[in-house]
Amino acid sequence: MEYELSEQEQIRRNSLSELNNIGINPFPSESYPITHTAKEILDTFKPDSTGFEEVSIAGRIMTRRIMGAASFLDLQDSTGRIQLYLKRDDICPDEDKSLYNTVFKRLMDIGDIIGIKGFVFVTQMGETSIHVKELTLLTKSLRVLPIVKEKDDQTFDAFSDPEIRYRQRYVDLIVNPEVRDVFVKRTRLVNTMRNFLSGKGYLEVETPILQPLYGGAAARPFKTHHNSLDMTLYLRIANELYLKRLIVGGYDGVFEFSKDFRNEGMDRFHNPEFTQMELYVAYKDYEWMMNTVEEMVERIALDLHGTTKVKVGENEIDFKRPWKRYTMYEAIAHYTGIDISAMDEAQLRDTCQKLNVEIDESMGKGKLIDAIFGDVAEPKLMQPTFITDYPVEMSPLAKKHRSKPGLVERFEAICNGKEICNAFSELNDPIDQRKRFEDQLELGKRGDDESMVLDEDFLRALEYGMPPTAGLGIGIDRLTMIMTNQPSIQDVLFFPQMRPEKVTAIAVATDEEFVAKGIPAEWVQVLRKAGIKSPEDLKAANPNKLLHDLSGLRKKLKLEIPSLRIEDVKTWCE
RNA sequence: CUCUCCGUAGCUCAGCUGGUAGAGCAAAUGACUCUUAAUCAUUGGGUCACAGGUUCGAAUCCUGUCGGGGAGACCA
């Protein structure tokens, strides 16, 4: 058995063995010296500059323009593309011209990784290029890259199939430089945040991903099992309760960039695993946290774009401080004209009906208010806006409002119609916290399968005393989407979650295996063309249809072999 | 989970009311020592996602399955 290869894949494998035969290792192991990157050369080289007489650079061949004994090619390294000029008599100074004629022209391809040494110059067309004196194959590429062409900033044949882009991100990154840039920006965003928080003296920590109880958010968890402890474990949906334990332990400020996991639906804002940054700072409240978020996010925009203004889709979003602030009730009143602040559950249900907000039986007061807000206000909030003072029912970990009964000291920042962070003055009264958990259990009994579970150890920690604390969770993926103007979470995750791919490699039987079953050798290739890849396939085939197919192929391919009779085909198929 | 669009060569896409598939790039062979979507000539390359059905005949029509996108439902 062997695997079926496309014509071009077979040609590249042949090139590979030919390279081996003439003594060129297609996968050498030595380091290759690199003196410059493409970007360095393009940025700094001037026709009269010195220091570019001997450069050494490595990368992937992206295009080739061969003109007989001279060629131009574009080399791509991690910083960009630079044109190479290759002359036969330069890389082959002796009689033997095979390095150019055979190795370069015939055995190398677009996608191969090479190292070159040469000098920098400017072509007659004015493009900074490298005149190659020495060429080394560093890695042979056996798969054909998608070919993307560009002229005058117009892209032709863009590699755009989302399925292949996400499944084979490596290809996406090779041929779509703007994709590589998105992920560079993502890392810069994280670094800016980390420097900002470390600079204030907060401690970056790590807490368990595998948790015996999931808590800190309302969501369905992924469940797994530990064999030697023989116990159920959950992948964390949040790390809130662990970070608060650390505040109890005496740290002033802790934060963690945490991969969290939620077993919910997927769409362009949700991936089952996603990243949050959670921050807890002792002796602060949510007012202080709002100012901190503003400052941090504004700095991110400045670090990434040099300005507070960021283009997102059709809109321009300005992260300049201060941001607008609405209480939740104000926001709803602002967009509907209805004041819900004094309504009870029944009145809220009426209002939902009036506003065409879909609800169900299991929803308590908190969820009803959230449903109204999510429908009428959230999608309309484009510029960064703080929404404050949420109902107590939907915020079981937030502290009761200092002056407004029934509310908690909580805020979310909404931007481009989506939540980007969630924060509160943390509840540190263990008696109140226990009661809130018990209310959640009550909701769970009503059918809310995302209500929180009671964490006794967390309550014990609170009983020792947690100082007044401000807490924050900020969605890194969504913030990255906004900061890099990407419409889908899949575009800011290297490897977004996908259903498994179908196996694409098809096993193919050798000629001998067919002949052993009594098939004449001259018909084996024809059978393969007809879709019969192994003798087993014959058993499943319809002899009449197969005869029809084979006769058609015989005619099409103009084969000089005797025609078939139905009896022959029937015997093959037995 | 529902609706909707899509799946054809390595890539980007054509393919009409059913008659065994075409183009550009890429590839092969040849020409060409400043090209840049290089150019010119010749050639090869397909399980038309998969499985059924209708039909003399299906890439095309019907049903189902798989995979993907979008919208909703759900989800702070």
Side-chain angles (χ1 to χ4, degrees), chain A residues 4-12 14-15 62-74 81 83-90 100 105-106 109-111 121-127 129 131 142-152 154-167 171 175 217-220 238 262-270 358 360 366-367 369-371 373-374 378 387 390 394-395 410 412 414 418-419 421-422 449-450 473 475 487-488 490 498-502 504 506 528-533 537 540 545 548-549 551-553 555-556:
Chain A
E4 194 172 39
L5 297 171
S6 76
E7 185 191 33
Q8 292 192 53
E9 286 173 322
Q10 192 55 60
I11 287 167
R12 290 196 178 199
N14 294 345
S15 299
M62 295 308 288
T63 71
R64 288 206 295 184
R65 296 174 288 281
I66 297 178
M67 300 162 305
S71 299
F72 288 92
L73 46 162
D74 290 349
R81 289 187 190 190
Q83 179 172 262
L84 307 182
Y85 179 54
L86 199 68
K87 252 160 70 172
R88 180 178 62 201
D89 297 338
D90 283 333
Y100 184 84
K105 279 170 76 173
R106 229 163 46 68
D109 294 282
I110 290 175
F121 74 111
V122 178
T123 65
Q124 287 170 16
M125 297 304 289
E127 181 165 349
S129 307
H131 191 124
L142 295 181
R143 292 229 180 208
V144 189
L145 283 176
I147 306 294
V148 179
K149 297 258 177 178
E150 240 176 75
K151 191 192 187 177
D152 304 333
Q154 237 195 310
T155 303
F156 300 83
D157 301 336
F159 176 61
S160 54
D161 182 335
E163 179 170 0
I164 316 180
R165 282 188 51 223
Y166 299 146
R167 285 197 199 282
V171 177
V175 304
R220 280 191 293 262
R262 297 189 184 175
N263 207 340
E264 313 270 8
M266 291 166 63
D267 59 31
R268 69 194 184 88
F269 293 100
H270 299 264
E358 272 192 53
D360 69 65
K367 280 220 166 192
I369 294 169
D370 189 45
F373 176 77
E378 193 174 37
I387 302 296
Y390 285 63
M394 54 191 288
S395 314
R410 169 179 176 185
E412 291 189 359
I414 314 284
K418 278 279 165 190
E419 170 206 343
C421 78
N422 182 17
D449 55 359
E450 290 175 343
S488 165
Q490 296 175 108
M498 288 270 192
R499 285 206 166 83
E501 190 177 8
K502 268 190 290 188
T504 50
I506 302 163
R528 288 214 182 88
K529 290 250 178 218
I532 306 294
K533 302 296 182 192
D537 292 347
K545 175 162 164 51
H548 185 263
D549 289 353
S551 306
L553 283 165
K555 205 175 291 174
K556 187 185 172 195

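Every chain is numbered from 1 and lettered A, B, ... according to where its sequence line falls, protein lines coming before strand lines.
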Report, one pair per line, the protein and nucleotides 27-29 of chain B atoms (nitrogen or oxygen only) whose separation is under 3.5 Å.
from: A27(B); atom 1: O4'; to: Gln8(A); atom 2: OE1; distance (Å): 3.1

Measure [atom1]/[X] against [atom2]/[N] and give the value in whole Å, please.
| X | N | atom1 | atom2 | value |
| --- | --- | --- | --- | --- |
| Lys151(A) | U35(B) | NZ | P | 13 Å |
| Phe269(A) | C74(B) | CZ | C1' | 15 Å |
| Met266(A) | G67(B) | CE | C1' | 13 Å |
| Glu9(A) | C11(B) | CD | C1' | 13 Å |
| Gln154(A) | U12(B) | CD | P | 18 Å |
| Met67(A) | A37(B) | CE | P | 13 Å |
| Asp370(A) | C75(B) | CG | P | 9 Å |
| Phe159(A) | A26(B) | CZ | P | 17 Å |

Does the side chain of [X] get closer than 4.0 angstrom to OP1 or OP2 of [N] through an N or O atom?
| X | N | result |
| --- | --- | --- |
| Arg268(A) | G70(B) | no |
| Arg143(A) | G10(B) | no |
| Lys149(A) | A37(B) | no |
| Arg65(A) | U35(B) | no |

Determine the interatomic distance between [atom1] on [N] and the same-named atom on [M]; round to the nearest Å.
| N | M | atom1 | result |
| --- | --- | --- | --- |
| A27(B) | G10(B) | P | 14 Å |
| C32(B) | U42(B) | C1' | 16 Å |
| U35(B) | C40(B) | C1' | 15 Å |
| G45(B) | C34(B) | C1' | 33 Å |
| G24(B) | C61(B) | P | 27 Å |
| G19(B) | C62(B) | P | 15 Å |
| G7(B) | A49(B) | P | 8 Å |
| A9(B) | A21(B) | P | 15 Å |

The side chain to side chain donor-acceptor pair (under 3.5 Å) partners of Asn263(A) (sequence neighbours excluded) come to none
The criterion is side chain to side chain donor-acceptor pair (under 3.5 Å); which residues satisfy it with Arg106(A), sequence neighbours excluded? Glu18(A)
So does [X] reach the base of [N] with its side chain, donor to acceptor, closer than 3.5 Å?
| X | N | result |
| --- | --- | --- |
| Asp157(A) | G24(B) | yes |
| Gln83(A) | U35(B) | yes |
| Thr63(A) | U36(B) | no |

Would you say Phe156(A) stacks on G24(B), if stacking means ring centres under 5.5 Å apart and planes within less than 30 degrees? no
Minimum heavy-atom distance between [X] and [Y], given as atom pair plus value:
| X | Y | answer |
| --- | --- | --- |
| Val148(A) | Phe159(A) | CG2-N, 3.7 Å |
| Ala70(A) | Lys87(A) | CB-CG, 4.0 Å |
| Tyr390(A) | Ser395(A) | CB-OG, 3.8 Å |

Applying a 4.0 Å non-hydrogen cut-off, can you work out what [X] is touching in the nucleic acid: base, sugar-phosphate, or nothing?
| X | result |
| --- | --- |
| Phe373(A) | nothing |
| Arg410(A) | base |
| Leu145(A) | nothing |
| Ala158(A) | sugar-phosphate |
| Ser6(A) | sugar-phosphate |
| Tyr100(A) | nothing |
| Glu150(A) | sugar-phosphate |

What nucleotide, of [options], holds the atom closest to the side chain of [X]?
| X | options | value |
| --- | --- | --- |
| Met125(A) | U12(B), G68(B), U36(B) | U36(B) |
| Asp267(A) | C74(B), U35(B), G67(B) | C74(B) |
| Ile147(A) | C13(B), A26(B), U33(B) | A26(B) |
| Arg167(A) | G67(B), U35(B), C32(B) | G67(B) |
| Val144(A) | A26(B), C34(B), G69(B) | A26(B) |
| Asp161(A) | G10(B), U12(B), U35(B) | U12(B) |
| Glu163(A) | G10(B), G67(B), A37(B) | G67(B) |

Which residue lies more 5' along RNA chain B, comparing Gln490(A) with Lys367(A) via nearest heavy atoms: Gln490(A)
Do [X] and [Y] touch side chain to side chain, with heavy atoms closer than 4.5 Å?
| X | Y | answer |
| --- | --- | --- |
| Gln490(A) | Arg268(A) | no |
| Phe72(A) | Met67(A) | yes |
| Ile147(A) | Ile110(A) | yes |
| Asp90(A) | Tyr85(A) | no |
| Arg65(A) | Gln83(A) | yes |

Sequence neighbours excluded, every pair satisfying side-chain hydrogen bond (donor to acceptor under 3.5 Å, both in side chains) that has a member inside residues 155-165 of chain A: Glu163(A)-Arg167(A), Arg165(A)-Asp172(A)
Could you give me the stems involving RNA chain B, meaning stretches of three or more consecutive Watson-Crick or G-U wobble pairs whose two defining distances are both below 3.5 Å? B:1-7 with B:66-72, B:10-13 with B:22-25, B:27-31 with B:39-43, B:49-53 with B:61-65
Check side-chain contact (heavy atoms from CB on, under 4.5 Å) between Gln8(A) and all other residues, then give those that pass, not counting sequence neighbours. Ser6(A), Val144(A)
Hey, could you give me the CG/CZ distance between Asp109(A) and Arg12(A), rounded to the nearest 0.5 Å? 4.0 Å
